[in-house]
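Numbering of residues begins at 1 and proceeds along the displayed sequence.
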Amino acid sequence: MTLPTQYGVTLPDWVADEVAGADLSTDEAKMALVNRLARRNFMEKTGGPFAALVVSGGELISAGVNLVLASGLSSSHAEVVALSLAQTAVGSWDLGANGAKRELIVNWRPCVQCYGATMWSGVTRLVVAGDGPELEQLTKFDEGPMVADWAAQFEARGISVTQNVLREEALDVYRAYGSFVESGDVTVYNARDSGPIEK
């Protein structure tokens with residue numbers, strides 16, 4: 001076997017169509033776009049029901065959807081994709097360099113992987129649809145052992161957190177995905193086929 005020397009992901013073409021001309025004037029408008037992307041992503045069978053945006057002053061820097069299934073890479077969560085594409089766009093690993101104010105919009109509190117990715121990305125604001133056990137209950141994904149004070153930990157590092165933006169709309173996306181899970185029409189890609197761990 002030849003040693004691999006590169007890897008990467010490519011957004012599906014339909015993402016550009018969805019974001020074209022999108023309203024980004026309010027947190028609700030941004031989250032509405034995220035929820036549309038999340039729903040379409042699992043309908044297109046490119047990944048789970050997750051999406052994210054990186055926005056600066058109403059300008060879209062990048063969009064990401066969960067691409068685990070499409071890429072075969074377990075790290076290709078929506079937040080990681082959006083943050084990586086934003087870092088590529090601005091040419092820096094630090095999205096807060098030179099006083100830039102960039103925010104990450106995502107349709108639930110980040111999982112353990114994306115928690116770290118968000119914390120070290122340089123964004124100065126995180127906007128989430130919600131937090132709580134509903135995501136795991138409805139989708140059967142294992143989000144990992146998140147710390148209870150996750151939002152305070154972001155705030156302590158200069159990342160402001162806004163929660164519960166279009167929460168019910170996000171839950172509607174997860175309910176729709178859950179019906180696909182029940183029918184066996186989608187793959188829930190937890191390692192070793194484990195679901196959420198009972199806490």
Side-chain angles (χ1 to χ4, degrees), residues 9 11-12 14-42 46-68 75-90 92 94-96 100-132 134-135 139 141 143 146 150-155 157-174 176-177:
V9 298
L11 280 180
W14 58 261
V15 173
D17 295 336
E18 285 286 346
V19 303
D23 177 13
L24 300 173
S25 60
T26 65
D27 288 347
E28 290 76 16
K30 295 170 209 169
M31 192 64 72
L33 174 58
V34 168
N35 284 329
R36 287 197 307 275
L37 291 169
R39 183 182 297 271
R40 185 155 179 194
N41 196 47
F42 77 81
T46 43
F50 309 105
L53 305 174
V54 175
V55 177
S56 178
E59 176 190 1
L60 181 64
I61 306 300
S62 68
V65 292
N66 180 288
L67 294 174
V68 171
S75 62
S76 299
H77 290 196
E79 295 96 316
V80 171
V81 172
L83 292 168
S84 298
L85 290 173
Q87 290 161 339
T88 300
V90 304
S92 174
D94 184 358
L95 294 174
K101 303 289 185 190
R102 297 187 175 106
E103 57 188 16
L104 178 67
I105 319 298
V106 64
N107 58 326
W108 208 250
R109 180 264 303 140
C111 72
V112 290
Q113 171 188 261
C114 297
Y115 179 64
T118 301
M119 190 169 286
W120 306 131
S121 69
V123 295
T124 56
R125 184 171 183 243
L126 172 64
V127 180
V128 299
D131 173 34
E134 295 91 341
L135 166 63
T139 66
F141 280 106
E143 295 291 282
M146 276 296 293
W150 65 271
Q153 291 295 331
F154 278 129
E155 297 276 358
R157 289 164 175 83
I159 303 168
S160 68
V161 178
T162 300
Q163 299 189 57
N164 299 317
V165 177
L166 299 188
R167 187 178 202 279
E168 285 306 313
E169 289 83 348
L171 289 173
D172 285 343
V173 173
Y174 299 138
Y177 180 83

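Taking the salt bridge (charged side-chain N to carboxylate O under 4.0 Å, His left out) definition, one finds that R39 meets it with nothing, sequence neighbours left out. In this view, A51 and V34, L37, A38, V65 satisfy the side-chain contact (heavy atoms from CB on, under 4.5 Å) rule, not counting sequence neighbours.
Distance check, rounded to the nearest 0.5 Å: CE of M146 to SG of C111 gives 8.0 Å. Distance CD/Q87 to CZ/R102: 10.0 Å, rounded to 0.5 Å. Rounded to the nearest 0.5 Å, atoms OG1 (T139) and CD (E134) are 11.0 Å apart. How far CD of E155 is from OG of S160: 6.0 Å, rounded to the nearest 0.5 Å. To the nearest 0.5 Å, atoms CG (N107) and CG (L135) are separated by 8.0 Å. One finds the OH atom of Y115 at 4.5 Å from the CD atom of Q153 (value rounded to the nearest 0.5 Å).
The shortest distance between side-chain heavy atoms of M31 and E169 does not fall below 4.5 Å. Using a 4.5 Å heavy-atom cutoff, the side chains of E143 and R109 are in contact. Counting only heavy atoms from C-beta outward, the side chains of T124 and I159 never approach each other to under 4.5 Å. Under the 4.5 Å side-chain criterion, counting only non-hydrogen atoms from C-beta, N66 is not in contact with S76. The shortest distance between side-chain heavy atoms of T118 and V123 falls below 4.5 Å. Using a 4.5 Å heavy-atom threshold, the side chains of E59 and L24 count as separate. At least one side-chain heavy atom of L67 sits under 4.5 Å from a side-chain heavy atom of P12. A 4.5 Å side-chain heavy-atom check between L126 and E103 finds every atom pair outside the cut-off.
Taking each heavy atom of A63 and V19 in turn, the nearest pair found is CB-CG1, 4.1 Å. In terms of heavy atoms, L85 sits closest to S62 at CB-CB, 3.8 Å. In terms of heavy atoms, G64 sits closest to V81 at CA-CG1, 3.8 Å.
Between the side chains of W150 and D131, at least one donor-acceptor pair of N or O atoms lies under 3.5 Å. S92 and D94 share no side-chain donor-acceptor pair at under 3.5 Å.
A salt bridge links R125 with D27; the closest basic N to acidic carboxylate O contact falls under 4.0 Å.
The aromatic rings of F141 and F50 lie perpendicular to each other, with more than 60° between the two planes, well past the 30° mark.
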